[in-house]
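Data first, discussion second: the structure below is written as C-alpha cells.
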Amino acid sequence: MADPSTYRPAPGSIPVEPGVYRFSDPNGRVIYVGKAKSLRARLSSYFQDLAALHPRTLAMVTTAAKVEWTVVRTEVEALQLEYSWIKEYDPRFNVRYRDDKSYPYLAVTLNEEYPRAMVMRGAKKRGVRYFGPYAHAWAIRETLDQLLRVFPVRSCSKGVFNRSRQIGRPCLLGYIGKCSAPCVDRVDADEHRAIVDDLVAFLDGKTTAYVRRLEREMKAASAELDFERAARLRDDIAALERAMEANAVVLGDGTDADVVALADDPLEVAVQIFYVRGGRIRGQRGWVADKSDDASAGDLVERFLLQLYGELGGEAVPREVLVPELPADPDEAGALRELLAEIRGAKVDLRVPQRGDKKALLETVATNAQQSLKLHKSKRASDLTTRSRALEEIQEALELDEPPLRVECYDISNLAGTEVVGSMVVFEDGLARKREYRKFTVRGEDGHDDVSAIREVLSRRFRRLREAPADDEAADETADGAPDAGDQPETARPRAFAYAPGLVVVDGGQPQVNAARVAMDEAGVADIPVIGLAKRLEEVWLPDTDDPVIMPRTSEGLYLLQRVRDEAHRFAITHHRQRRSTSMTDSALDGIPGLGPARRKALLARFGSLKRLRAATVDEVAAVPGVGPATAQAVVDALATGPRPTSVNTATGEVAES
C-alpha cells in the first residue's frame, strides 16, 4: 500500500484554476479521473488525514503513485476533457454504470430500395430509422406483427427476398397479407415506399390521423355495400388500437424526453431511465453500480448523463432530460446543459420537474429505481455462497474465533428526548429472523441520551439471557417477573432471549460501543464480541480503541453489517412512530369518571379546544347537553390539576404547550 505523501505535489505547485486531474498507479495506468473548479483546493483534499477519507477514496490514493492535471478555461471544457479521459482510460475507481444487455430497437432500413422493418441491436447505422429502445425484443415483435396487418412492408432478410425473386413465389407473409410482396412485383418500389412512409409516420406518433382515415374508408366501403373491405378495415383499426395500447401516452404534449431517477445507499446506486418519445414510453433501462465516494445525487446524475450520452451519441439526446436533482453548483449545471446541447446539436432542456404529468412520471421512475435496488440487494443476500463469504470476512476483520452465525443489532430512536425506544433485530446465517425481533421502551431518567439508552437496552436484553424463562408462560415477562408492555415481540415466540448472539452490533461509534460493552460486562457476558457501525464512513468500531476497523468498500462482510444496521434503524423508527402517534392522540379528558366518547366529543364541539374548556366554569360545562353537574365538576377538577398537554414540532424538536 503506497503512502500518498510520497507523491504529494509540492506546496504551491498546484494551480488554483479549473482543470481535470488523473491519478495513476505504479504501472502508469490511470485509475481515477476528476474535475475541479479549483485544482489546488480539490487535490489538497486527497492528501489530508487518511482516517478522514471515504473508504473508496482511501483505497484510490493508497493505490496511486502519481497525480497529474491539465488546466482549462471553462467548466464546459473541464466536463468535456473529464469525459474524454474516462472514456479513453476506463479508470477503475470512477463509477461505471453497466448493464448486461444491449437493448433492441425497431429499425426501418430507409437506405434500401425496398426498406425492411426488423428488430436490431448494437451500433446504429446511417440511413436506418430507429424507434425505441424497448425493454424486450418480444415486445417489438408483437407490435410489429400487429402493424404488418395494416402496413404490409417487407420484413424478410436479404437472402429470403432474393430467393423469392428467383423462384417467383413470395414467402408465407406474402400469402397471409402481412407483406405486400415486392419480391414478386405485387407492388413496385414507389408503392412499397409509400407503405413504409405510412409506417414511419405512425411510429412517429401520427396515429390519430391515420386511424381516422381508415375509419372514413371503412364507412365509405360500407356505404358502397363493399362489406368485405369494410370488415378488413375494421380489423386493421383494431390491430392499430392494440399496437397503440402497448405505447400509452404519458405526456400529453407529445414531447421527447428521457426521465432519470436514482436510488442509493452508502455502498451502491441504482439508476433507472424511461425513454419517452412522442409522449409515449418507448423503453426502459436500469443499472446498479458501486459508489466510489460520498457524491450527492446531483453529482451522480451528472456522471450518469455524461456516460450515457457519450456512449450513445447525439441522436440519443432528446429535447428534454428530466432528473431528480441538478448539480449543486449552478456553473456545473450550466456546463452540463451546454455539453449535452453540443452533443445533440441543439438546445437541451435539463431540469427537475416541479408539477404535473412530468413530476408524476419522475416519481414512477424513482419507484422503479428503488425496486431495482431492493431486488439487487435481495438477490445478493439470498445467495448462500455470498452469505458464507460475508460471515468469513467479518470473522477475519474482527479476529473472531468463528463466523458469527447469529448477529444481533440494536438501534435507538427518539424525538427531542421524547418517546425513546430501542430495537433489536436478529440475523442468523446472514438472513433476517423477523420472528425474533424485539422492541424496547426506554424508561431510564437519562433515556434521551443515545449512549445511556443503548446501555439500558443491552442491560435488559442480557439480563433476559441470564434469567431466560424456562416455560412458555414466562416467555413474555421481564427478568423481575412483571409483564413488560415495552418489550413486545413482533410475533410471540418462547425462549427467544435464551439464545446468545455470536456478535452484537450497535448503531453508532465509539461512545455507543463502549456503553454496550459496559452493559454486557455488568450482565456477565464479557465473552460476546460487540462492535459499532458508524453511518458516515461505514467505520467498524471496537470497544476502547482509538482507530476504527476499515473494511473494504466492496466487502460482502461490510455489506451484511450495513444491512443489519439499516434493518435495526427501520424497525426502531417504525416502533417510535407508532408510539408517537399513540401519544399524540391521547387526550387530557381520557380517564375522567363518567366522561365517555360521546360526552368528550360534545365538550370539544362546544368549546373548540382544551384551552377554552380549561377556562370554562362548572356551570358552562354543565350546560353542554348530556353533561351533568357532577361530571362537569370532575372535568374542571381534572383539567385544573392534570398535566398541561404539549405538542412536539417534528421539524425543530421543540416542545410547546397546546
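It should be emphasised that the depicted structure is a prediction, and the values quoted were computed from it without experimental measurement. Sequence positions, counted from 1, serve as the residue numbers for this chain.
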Dump the intermediate steps for side-chain contact (heavy atoms from CB on, under 4.5 Å) on K125 and Y130, then the final yes or no.
-> CA-CA 9 Å; K125 300 178 181 178; Y130 294 89; 3.8 Å; yes

Tell me, with the steps shown, if E408 and Y410 meet side-chain hydrogen bond (donor to acceptor under 3.5 Å, both in side chains).
-> CA-CA 7 Å; E408 293 181 3; Y410 299 83; 2.6 Å; yes

Can you list the steps and then say if Y275 with V259 is a side-chain contact (heavy atoms from CB on, under 4.5 Å)?
-> CA-CA 7 Å; Y275 300 97; V259 189; over 6 Å; no

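Rounding to the nearest 0.5 angstrom, the gap separating the CD1 atom in I343 from the CG atom in L305 is 9.5 Å. Atom-to-atom distance recorded for E399:CD and L542:CG is 8.5 Å, nearest 0.5 angstrom. A distance of 6.0 Å separates CG in D264 from CG in L300, rounded to the nearest 0.5 Å. Remark: E302 CD to S296 OG distance equals 9.0 Å, nearest 0.5 Å. The line from CG of L533 to CD of E539 is 9.0 Å long, rounded to the nearest 0.5 Å. The distance from atom CG of D299 to atom CG of D329, rounded to the nearest 0.5 Å, is 9.5 Å.
Ionic pairing of K37 and D331 is present here: one or more N-O contacts between side-chain nitrogen and carboxylate oxygen are shorter than 4.0 angstrom. Using a cutoff of 4.0 Å between basic side-chain nitrogens and carboxylate oxygens, E320 and K347 are not scored as salt-bridged. In summary, R517 and D521 engage in a salt bridge, as defined by a charged side-chain N under 4.0 Å from a carboxylate O. Taking a cutoff of 4.0 Å between a charged side-chain nitrogen and a carboxylate oxygen, R570 and E567 qualify as a salt bridge.
Put simply, the side chain of F47 does not reach to within 4.5 Å of the side chain of V61, judged on heavy atoms. Taking the side chain as every heavy atom from C-beta outward, V457 and M424 never approach each other to under 4.5 Å. Taking the side chain as every heavy atom from C-beta outward, V67 and P9 approach each other to under 4.5 Å. Counting heavy atoms from C-beta on, the side chains of Y21 and L39 come closer than 4.5 Å. When side chains are defined from C-beta on, M551 counts as touching V540, because their heavy atoms get closer than 4.5 Å. You'll find the side chain of P501 reaches within 4.5 Å of the side chain of I528, heavy atoms only. For the pair P404 and I394, the minimum side-chain heavy-atom distance is below 4.5 Å. Side-chain contact check for V288 versus V269: every heavy-atom pair is 4.5 Å or farther apart.
With R337 as the partner, the side-chain contact (heavy atoms from CB on, under 4.5 Å) test is satisfied by one option alone out of L326, V321, V348: L326. Just one residue in the list Q512, H569, R565 forms a side-chain hydrogen bond (donor to acceptor under 3.5 Å, both in side chains) with D411, and that residue is H569.
No side-chain donor-acceptor contact under 3.5 Å links R389 to the backbone of G557. A side-chain donor-acceptor contact under 3.5 Å links S13 to the backbone of A10. Y46 places no side-chain N or O within 3.5 Å of a backbone atom of L58 that could act as its donor or acceptor partner. Of the possible polar contacts, none joining the D258 side chain to the I273 backbone as a donor-acceptor pair under 3.5 Å is found. With hydrogens and angles disregarded, no donor-acceptor distance shorter than 3.5 Å links the side chain of R40 to the backbone of P15.
Considering all non-hydrogen atoms of both residues, P552 and L558 come closest at O-CD2, 3.7 Å. Considering all non-hydrogen atoms of both residues, Q272 and N368 come closest at CG-C, 3.7 Å. Of all non-hydrogen atoms in Y32 and P91, the two that sit nearest each other are N-CB, 3.6 Å. Across all non-hydrogen atoms, the minimal contact from Y7 to A65 is CB-O, 3.2 Å. Nearest heavy-atom pair across V323 and P353 is O-CD, 3.7 Å. Counting all heavy atoms, side chain and backbone alike, K358 lies closest to R351 at NZ-NH2, 3.3 Å.
Applying the side chain to side chain donor-acceptor pair (under 3.5 Å) rule to K66 yields no partners; only residues at least two apart in sequence or on another chain are considered.
Residue pairs satisfying the salt bridge (charged side-chain N to carboxylate O under 4.0 Å, His left out) criterion with at least one member in residues 7-29, sequence neighbours excluded, are listed as follows: R22-E68.
By the 6.0 Å contact criterion, CD on E396 is open, its count of non-hydrogen atoms from other residues, nucleotides or ligands being 12 or less.
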